[in-house]
Amino acid sequence: MKKTMQIPFNRLALSGAEFENMAKAVESGAIQGDGKFTRLCEGKIRKISKADTALLVNSGTAALDMAAILSGVGPGDEVIVPTYTFVSTVNAFVLRGANPVFCDVHPGTLNIDEAKIEELITPKTKVIVPVHYAGVSCEMDSILEIAKRHGLLVVEDAAQGFNAYYRGRHLGTIGDLGALSFHGSKNVVCGEGGALLVGNGAFRSRAFYVREKGTNRVDFVEGKIDKYTWVDIGSSYIPSELVSAFLSAQLDSAEDLTRPRVRAWNRYFERLNPLQERGFIFLPEVPSHCVHNAHIFFIRAQSGEAAKALLASLAGRGVSAVQHYAPLHVCPMAERLGCGRRSLPVAENAAKCMLRMPIFASITDDEVDYVCDCVEEFYAGKHA
Ligand SMILES: *Cc1c(COP(=O)(O)O)cnc(C)c1O
């Protein structure tokens with residue numbers, strides 16, 4: 001009988017200090033947000049990302065919602081987003097009344113195809129939203145140049161990009177605003193959490209008001225005013241100290257949580273490259289100027305049928321591989337908004353053919369080898 005292993009898609013990795021920190025937060029007597037651990041996390045995020053300003057928030061989605069508010073878009077404005085992304089990237093702007101304009105992606109990275117952005121720009125365009133898929137950066141120099149030429153803002157969805165870099169710059173710090181996520185599925189986690197990185201200083205003070213329900217409480221805390229008041233729109237975007245306490249421990253281990261993923265990513269690549277050379281699968285591309293964080297290891301099969309069969313075969317061997325996004329332009333909501341009619345073939349193809357392999361900090365070489373054996377066995381005897 002063939003050996004079988006059970007390999008989950010993701011496995012929670014702890015730094016070890018999470019519960020101790022949470023106990024400290026409880027003992028402090030104040031577990032609402034904007035306390036000691038919130039500040040500690042913000043300092044650690046600034047240190048790693050070199051961002052001038054980092055605001056800890058409830059989720060990557062909350063960071064995107066805040067970025068959309070700060071960008072000032074409203075009904076009739078247009079926002080260019082890749083179609084191959086999570087719904088939060090686009091909902092943030094739709095909630096402001098703006099219209100998404102979907103762009104196709106590169107087949108090798110599944111990032112927005114910068115060569116296709118300019119043809120989508122109209123007098124109504126206000127923002128470009130690059131999404132750094134899998135922690136591999138979009139082509140930011142080209143995107144910034146296009147944005148500058150047309151007077152547009154750049155909001156980076158760096159939800160998957162913590163501890164990943166473009167020409168030495170941390171993802172989320174390159175555009176005007178950037179969103180990070182610490183959702184349980186990401187590399188560094190606290191269940192639900194995120195951060196808004198403010199690169200454009202013009203947004204700095206408003207960012208704090210918007211996070212604190214549209215009040216200038218931050219100025220009160222800093223002793224600048226003796227009573228805080230309603231000064232902007234906003235909502236409740238600050239995480240509890242319990243969550244920040246957990247995250248603070250994870251942030252201390254950011255390198256240790258990333259390194260083993262990169263090792264696994266490289267092992268997958270080496271082991272599966274012969275199948276790519278024989279024409280069975282495509283492996284992800286990482287441009288040489290990008291340092292990625294191995295958030296995702298994906299492969300693309302030659303057809304949707306092949307991907308489905310491979311997925312079923314892996315499941316039968318105990319391996320949880322998973323597909324990813326349905327391109328947003330083909331979703332029912334895009335239909336309702338009237339922005340889903342163009343065909344975007346690269347993303348449509350990726351949605352059918354792409355599989356993500358198990359990857360997490362505690363995955364062992366044996367586990368990666370087992371997954372690769374299963375993929376090889378699936379293709380054994382087949383013709384490309
Ligand atoms: C995870 C993710 C989000 C949302 O982050 P949450 O913290 O789950 O709200 C947004 N965009 C992308 C690309 C993501 O991967």
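On a predicted model such as this, the values are computed, not experimentally measured, just so you know. Indexing begins at 1, ligand by ligand and atom by atom, following the structure's order.
- For K186, the heavy-atom gap to ligand 1 drops under 4.0 angstrom.
- No more than 12 heavy atoms of other residues, nucleotides or ligands shown are found within 6.0 angstrom of CZ on R263.
- Per-residue contacts place S59 under 4.0 angstrom from the following atoms of ligand 1 (heavy atoms of the residue considered): 7 (O), 9 (O).
- The shortest N or O to N or O distance between T61 and ligand 1 is below 3.5 Å.
- For atom 12 (C) of ligand 1, the choice among A179, A159, A63, C190 with the nearest heavy atom turns out to be A159.
- Salt-bridge annotation for R149 and E118: present, with a side-chain N of the basic residue lying under 4.0 Å from a carboxylate O of the acidic one.
- Near H183, meaning under 4.0 Å from one of its heavy atoms, ligand 1 places the atoms 7 (O), 8 (O).
- For T85, no nitrogen or oxygen atom sits less than 3.5 Å from a nitrogen or oxygen atom of ligand 1, counting backbone and side chain alike.
- Between F162 and F182, the ring planes lie perpendicular to each other; the angle is over 60°, past the 30° to 60° tilted range.
- Annotation: G60 places an N or O atom under 3.5 Å from an N or O atom of ligand 1; distance criterion only.
- Using a cutoff of 4.0 Å between basic side-chain nitrogens and carboxylate oxygens, E42 and R211 are scored as salt-bridged.
- Relative ring orientation between Y133 and Y84 is described as perpendicular, the plane-to-plane angle rising above 60° on a 0-90° scale split at 30° and 60°.
- Residues D373 and R271 are paired through a salt bridge, judged by an N-O separation under 4.0 Å between the basic side chain and the carboxylate.
- Atom numbering of ligand 1 starts at 1 in the shown order; those under 4.0 Å from a heavy atom of V131 are 13 (C).
- By the 4.5 Å heavy-atom criterion applied to side chains, I359 and V368 are not counted as neighbours.
- Ranking protein heavy atoms by distance to atom 15 (O) of ligand 1, first place goes to Q160 NE2, 2.8 Å.
- K382 forms a cation-pi arrangement with F378, by the criterion of a distance under 6.0 Å to the ring centre and an angle within 45° of the ring axis.
- Among all non-hydrogen protein atoms, the one lying nearest atom 5 (O) of ligand 1 is S181 OG, 3.4 Å.
- At the top of the distance list for atom 13 (C) of ligand 1, counting protein heavy atoms only, stands D157 OD2, 3.5 Å.
- Counting the atoms of ligand 1 from 1 in the order shown, those under 4.0 Å from a heavy atom of G193 are 7 (O).
- Side-chain polar atoms of S181 and H183 form no donor-acceptor pair below 3.5 angstrom.
- Ligand 1 has Y325 within reach: a non-hydrogen atom of the residue lies less than 4.0 Å from it.
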